[in-house]
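Remember, it's 1-based here, ligands and their atoms both numbered in the order they're listed. FYI, the numbering just counts along the sequence from 1.
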Amino acid sequence: MDVKQLLRDMGFRFNKQFGQNFLTDENLLNNICSDAEVSGGTVLEIGAGAGTLTRVLSKNADKVVAFEIDRNLEKVLAVTLADCQNVKLVIGDVMKYKMPDIEALCGGSYRVVANIPYYLTSPLIMRFVEEANNVTSLTLTVQKEVAERLAASPANKDYGAITVGVQAVADVEIKRILPRELFYPQPNVDSAVVHIAFNRNKFDMSNAALFRKTVRVSFAMRRKTLVNNLAVGFNITKQQAEQILVACDLPLTCRGEELSVPQFVQLYKIIENAKI
Ligand code: SAM
């Protein structure tokens, strides 16, 4: 099926606000499906677009739940997904759905596979990290810079709060780089497929909210030392913040971005035990 022609024939007008940059290359779509390790099971797709990825997912999964915000794509999807009986299409804004309702539609464990709009990247990832119970992996086509941030190592300029938040509960791997020419219409940036495989037992973190606060506070002012950030973020004295670092065996001059993920877990546990 020539989807570009179909979109033209149906008079479809791309909506920039929704981050509509579609993928049409069949080989690439199959590769993304392999990157996501889809073989049976349920897949949740966010942003079906013209249904190109949805069709490939439909062939490889038992069931696909696909959200699409743009009502104008409904008639296009009616054509492209006409023979995909295992696809449940939801026309609506995924961000307006509560996570338990999204998970109820999936009905058990599921993978997320999506070429997501740029404006949604961080909030969407953090929703699945923080709120989802049954998700096993996220395989996302995102801006290349975002993929590099998610997979970054300590002391790298890309390493930040989102890196630590995700890597604390998942293993992250960049699967492939997608040059901008592969999208229709062509965006101004290159993209990458990043695979986030959840492993929530990686670390013992009973107080996830405190762990997240510890990470957020540690990166709040990148040019300040960790001692300063902890003192401001937790409203404690510099001396108390220094004692926490000593208990973690960390140099008093270090910055948040120098800590590995296990060191952040240790820092959070010491803060928890200090009951500050
Ligand atoms: N999956 C298609 C593909 O790969 O060609 C489309 C990808 S396009 C980058 C992102 C899609 O997400 C667009 O079709 C857009 O309308 C849709 N979208 C944007 N925001 C959304 C939201 N909040 N909820 C559901 N879909 C959304």
Please determine if Ile116 has a nitrogen or oxygen closer than 3.5 Å to a nitrogen or oxygen of ligand 1. no
Is Tyr119 in polar range of ligand 1, meaning some N or O pair under 3.5 Å apart? yes
Atoms of ligand 1, numbered as shown, that sit under 4.0 Å from any heavy atom of [X]:
{"X": "Glu45", "answer": "1 (N)"}
{"X": "Leu23", "answer": "3 (C), 4 (O), 5 (O)"}
{"X": "Gly19", "answer": "8 (S), 9 (C), 10 (C)"}
{"X": "Gly92", "answer": "24 (N), 25 (C)"}
{"X": "Gly47", "answer": "1 (N), 2 (C), 6 (C), 7 (C), 11 (C), 12 (O), 17 (C), 26 (N)"}
{"X": "Asp93", "answer": "22 (C), 23 (N), 24 (N)"}
{"X": "Leu73", "answer": "14 (O)"}
{"X": "Thr52", "answer": "3 (C), 5 (O)"}

What part of Leu120, side chain from CB on, backbone N/CA/C/O, both or neither, has a heavy atom under 4.0 Å from ligand 1? side chain
Which one holds for Ala48 and ligand 1: side chain close, backbone close, both close, or neither close, with close meaning a heavy atom under 4.0 Å? backbone
Quick check, are the ring centers of Tyr184 and Phe14 under 6.0 angstrom apart? yes
Before we go on, tell me: are the rings of Phe211 and Phe203 under 6.0 Å apart, centre to centre? no
Side-chain donor-acceptor contact under 3.5 Å, Tyr110 with Glu103: yes
Among Val142, Asp25, Val193, find the one that has a side-chain contact (heavy atoms from CB on, under 4.5 Å) with Leu178. Val193
Distance check, rounded to the nearest 0.5 Å: Phe219 atom CZ versus Ile162 atom CD1? 11.5 Å
CD1 (Ile46) and CG (Leu140) are apart, to the nearest 0.5 Å, by 7.5 Å
How far is [atom] from the closest protein heavy atom, and which atom is that?
{"atom": "atom 24 (N) of ligand 1", "answer": "Val94 N, 3.1 Å"}
{"atom": "atom 26 (N) of ligand 1", "answer": "Ile69 N, 3.2 Å"}
{"atom": "atom 10 (C) of ligand 1", "answer": "Asn115 O, 3.5 Å"}

Have a look at Arg71, Gln17, Glu68 and point out the one with the heavy atom closest to atom 14 (O) of ligand 1. Glu68
N/O donor-acceptor pair under 3.5 Å between Glu173 side chain and Lys175 backbone: no
Once the angle between the rings of Phe12 and Phe22 is folded into 0 to 90°, is it parallel (under 30°), tilted (30 to 60°) or perpendicular (over 60°)? parallel
Cluster check Val164, Leu124: I/L/V/M/F/W/Y, side chain < 4.5 angstrom: yes
According to a 4.5 Å side-chain heavy-atom criterion applied to Ile, Leu, Val, Met, Phe, Trp and Tyr, with indirect links allowed, do Val64 and Val79 form part of one hydrophobic cluster? yes
